[in-house]
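A short worksheet on the structure shown next.
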4 protein chains.
Amino acid sequence: MSPTPPRPRSGNRRDEAARDAVLHAADDLLAEKGFGALTIEAIAREAGVAKQTIYRWWPSKVEILLDTLVEDAERQLPVPTDKATAASIRTYLRKFARFVTHDAAGKVLLALLAEAQHDPETATRMHQRYLGPRRRQELELLKGAIDAGEIAPRLGPDAAMDALIGPIVYRALTGASIPRGFVDALVEDVLRPRTG
Amino acid sequence: MSPTPPRPRSGNRRDEAARDAVLHAADDLLAEKGFGALTIEAIAREAGVAKQTIYRWWPSKVEILLDTLVEDAERQLPVPTDKATAASIRTYLRKFARFVTHDAAGKVLLALLAEAQHDPETATRMHQRYLGPRRRQELELLKGAIDAGEIAPRLGPDAAMDALIGPIVYRALTGASIPRGFVDALVEDVLRPRTG
Amino acid sequence: MSPTPPRPRSGNRRDEAARDAVLHAADDLLAEKGFGALTIEAIAREAGVAKQTIYRWWPSKVEILLDTLVEDAERQLPVPTDKATAASIRTYLRKFARFVTHDAAGKVLLALLAEAQHDPETATRMHQRYLGPRRRQELELLKGAIDAGEIAPRLGPDAAMDALIGPIVYRALTGASIPRGFVDALVEDVLRPRTG
Amino acid sequence: MSPTPPRPRSGNRRDEAARDAVLHAADDLLAEKGFGALTIEAIAREAGVAKQTIYRWWPSKVEILLDTLVEDAERQLPVPTDKATAASIRTYLRKFARFVTHDAAGKVLLALLAEAQHDPETATRMHQRYLGPRRRQELELLKGAIDAGEIAPRLGPDAAMDALIGPIVYRALTGASIPRGFVDALVEDVLRPRTG
DNA sequence: TCTTAATCGAGACGGTACGTCGCGTCTTGCA
DNA sequence: TGCAAGACGCGACGTACCGTCTCGATTAAGA
């Protein structure tokens with residue numbers, strides 16, 4: 001009765017424990033020692049893993065960080081998909097501000113955004129794996145709210161999104177905190193909500 | 001690349017020609033090969049200068065870039081100090097957007113902002129030499145305009161400045177262009193000018 | 001090189017085809033690419049065999065080479081056991097000279113003699129499986145000829161054997177050819193034959 | 001009065017202490033741990049030197065060993081050049097036998113002869129830097145003795161030299177000792193001296 | 001006939017060494 | 001004193017093999 005016993009594993013397969021150890025080691029090193037200490041050798045040492053095991057599965061340390069970022073962001077910072085209200089947007093942005101300033105995974109986002117300035121390949125991958133997909137969901141949300149008459153941004157959806165995300169990210173990049181009311185004022189200014 | 005023909009030796013005072021050669025080499029390398037190729041050895045090679053000459057005058061390559069950034073920004077992107085009007089703010093932001101997306105010196109700003117995420121020392125120096133002074137001037141401008149009744153931002157001056165600068169920088173960081181009208185809409189939304 | 005079409009699996013008993021494939025692959029690699037390319041991974045690749053299959057049956061690549069050497073030497077270079085004459089010794093040495101300079105299997109002998117200088121374990125196994133047994137047969141031959149009054153070496157049998165083999169091997173090791181008459185002169189000088 | 005003060009050193013020059021440390025480390029490692037432990041990393045570690053310092057001056061570990069061999073052989077095993085007598089040849093060969101069996105530098109010779117079997121480049125360099133020059137001097141010696149009527153080898157000088165050196169080297173290669181009288185008998189057999 | 005056990009190809013794993021590059025420090029000789 | 005030149009100790013890079021291991025498939029022998 002059990003439909004097609006999955007049997008995905010065959011012969012010699014990937015060691016999931018090693019994968020987790022690498023991702024955690026990368027996260028830990030970034031949080032504790034900073035990006036400068038985030039070398040493949042240090043990750044391998046910290047994870048108790050051979051260097052070759054890392055190179056076998058990840059082409060660069062950027063891809064390791066992208067793995068952790070994508071997983072963490074999906075878990076801790078989902079884009080609301082059901083109710084496209086001004087309130088849900090506000091809540092999402094508040095969570096985003098918290099994520100980017102107080103969460104260890106948020107530091108990964110900033111580090112990758114930074115690395116993308118230094119290396120075009122990183123920029124490309126960053127768009128493919130994080131910025132692109134997330135922005136698509138965010139636009140869905142924004143457009144939904146516009147259609148519902150909840151908000152009436154002066155800017156187009158994409159530009160409006162940057163007008164909201166940009167200030168938050170910029171303050172995080174410059175080490176400034178996000179003051180109480182900052183997000184609310186941004187929403188008020190940029191989205192010009194009709195309700196709540 | 002360009003194997004600069006040998007400059008005359010200097011004797012016992014600082015060699016200004018060497019200083020210029022280093023700054024230009026750093027700029028050129030960043031523009032042509034990217035931050036990854038911006039090593040002290042490469043700068044020395046490109047500038048036709050001994051490594052020691054660089055270490056004698058700059059503690060790190062970040063400081064070299066800060067030298068070029070401060071000079072270029074002061075020259076090409078001065079903060080208006082005389083007339084604190086909504087229009088002058090708008091003009092300043094338009095120039096800033098152009099600087100950060102189309103000017104080679106703007107790439108230096110982005111690169112330093114990025115490097116500051118990787119290295120706390122860079123973050124500190126960045127504030128001391130660029131972000132801090134510039135922000136002080138920008139606040140002067142904003143406060144002047146508020147006092148003059150030109151604008152009435154919902155946010156405080158510092159937060160408002162980030163709400164204007166942030167979106168521009170964020171779009172530059174993510175490789176997006178600044179669409180026509182973007183800056184104007186930001187000014188309209190965030191500063192709520194009383195006049196055109 | 002020749003991507004050997006897949007052999008049929010063997011089941012429960014040792015796969016003789018795999019054994020042959022390994023021995024031939026080792027021989028081929030040594031002849032074509034040199035000892036430097038003679039890695040277990042390369043042998044496995046070339047033979048179309050799993051690495052574990054090699055490690056299951058041979059403790060080291062030296063033992064693989066010893067297998068081929070012992071087989072080849074026994075087939076192509078048997079020590080004459082019936083007639084212990086000066087002439088048969090001369091013939092044996094001529095064949096040995098040819099083996100060691102022009103035969104692919106002779107390269108294996110030189111390679112093993114070389115490897116024995118680098119690794120004591122190889123030296124031990126080399127004596128046990130090749131040098132010892134062969135020398136015993138050679139001494140039989142020499143002693144027989146002495147007893148028959150065919151030859152009257154100034155040196156004892158073992159030393160005399162080295163005085164004959166040594167020059168041949170040394171010229172092979174240093175890449176020198178064996179000139180016509182070289183072996184005959186050696187026999188004349190060292191063994192001082194009474195006949196032939 | 002001192003004619004042209006040599007002044008060979010200019011600017012930044014080679015560190016002789018590092019050179020010596022590397023040569024000694026290589027020698028020591030070969031003697032104590034064997035060729036298998038003779039890695040560039042181990043030499044650098046043992047010598048307290050950076051790996052790059054080795055690569056800067058030597059293209060391979062073979063060249064390091066050649067440096068030590070050439071120096072040691074010239075010092076400890078000079079080919080007699082003044083008196084080309086049967087006796088001086090005999091003495092030279094006795095010293096050579098001792099060198100190759102009991103001297104640490106002799107192990108270097110064997111190791112290089114071995115490595116030359118594994119790597120053609122080593123073979124070439126070995127001829128250029130050791131085998132060739134030495135053989136030229138040996139031939140000088142032999143020819144002198146022949147012309148003086150001291151010896152009358154059946155073989156030509158080069159072949160005769162191999163008939164003398166070969167057995168000694170071969171016994172060293174196979175771990176056999178050189179028995180008392182071995183060298184004398186070889187000289188007697190191969191060179192057929194006319195005088196004591 | 002049906003386990004059972006050994007062998008096979010495949011290849012991931014923790015390691016070590018490779019040869020290269022850039023770091024920041026240093027020393028030398030010239031100007 | 002500043003400078004070009006460049007050697008030095010250091011440590012990370014990304015690659016190749018090492019020898020061990022585990023997997024599922026294959027096949028002969030014994031229950």
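Protein chains get the first letters and strands the later ones, always in sequence-line order, with residue 1 at the start of each.
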Distance-minimising heavy-atom pair for [X] and [Y]:
X	Y	answer
A/Val49	A/Ala18	CG2-CB, 4.1 Å
C/Leu65	C/Ala26	CD2-CB, 4.5 Å
C/Leu29	C/Ala37	CD1-O, 4.3 Å

Of the listed nucleotides [options], the one nearest the side chain of [X]:
X	options	value
A/Thr39	E/dC13, F/dC13, E/dC23	F/dC13
B/Trp57	E/dC13, F/dG2, E/dC8	F/dG2
C/Arg14	F/dC17, E/dC8, E/dA17	E/dC8
A/Ala18	E/dC13, E/dC8, F/dC17	E/dC13

Whether [X] side chain and [Y] backbone form a donor-acceptor pair below 3.5 Å:
X	Y	result
D/Lys107	D/Leu30	no
A/Gln117	B/Leu173	yes
B/Thr122	B/His118	no

How close or far is atom [atom2] of [N] from atom [atom1] of [X], stated in whole angstroms?
X	N	atom1	atom2	result
C/Glu121	F/dC18	CD	C1'	17 Å
C/Phe35	F/dC17	CZ	P	14 Å
C/Ile40	F/dT20	CD1	C1'	13 Å
B/Ile43	E/dC23	CD1	P	8 Å
D/Glu46	F/dG9	CD	P	15 Å
C/Glu63	F/dG19	CD	P	13 Å

(message) Below the 4.0 Å mark, does F/dG6 have OP1 or OP2 next to a side-chain nitrogen or oxygen of D/Arg13?
(response) no
(request) Ignoring backbone atoms, test whether D/Arg56 places a side-chain nitrogen or oxygen under 4.0 Å from the OP1 or OP2 oxygen of F/dG6. (result) no
(request) Starting from the 5' end of DNA chain F, give me the residue, A/Pro59 or C/Pro59, whose nearest nucleotide shows up first. (result) A/Pro59
(message) For A/Arg45 and C/Ala42, find the nucleotide of DNA chain F closest to each by heavy atoms; which residue's nucleotide sits nearer the 5' end?
(response) A/Arg45
(request) Strictly below 4.0 Å, heavy-atom distances to any atom of DNA chain F: list the hits from residues 48-55 of chain D, or just say none. (result) D/Gly48, D/Val49, D/Ala50, D/Gln52, D/Thr53
(message) What residues from residues 110-118 of chain C pass a heavy-atom cutoff of under 4.0 Å to DNA chain F?
(response) none
(request) For residues C/Ile54 and C/Ile64, determine if any side-chain heavy atom of one lies less than 4.5 Å from a side-chain heavy atom of the other. (result) yes
(message) Quick check on salt bridge (charged side-chain N to carboxylate O under 4.0 Å, His left out): which of C/Arg19, C/Lys61, C/Arg125 does C/Asp67 satisfy it with?
(response) C/Arg19
(message) Over all strands shown, is A/Arg19 touching base, sugar-phosphate only, or nothing at heavy-atom distances under 4.0 angstrom?
(response) nothing
(message) Within 45 degrees of the ring normal and closer than 6.0 Å to the centroid, is that where the cationic atom of B/Arg14 sits relative to B/Trp58?
(response) yes
(message) Would you say that more than 12 heavy atoms from the other residues, nucleotides or ligands in this model lie under 6.0 Å from the NE2 of C/His127, or not?
(response) yes
(message) Can you work out whether D/Glu41 or C/Glu41 has the more 5'-proximal nearest nucleotide on DNA chain E?
(response) C/Glu41
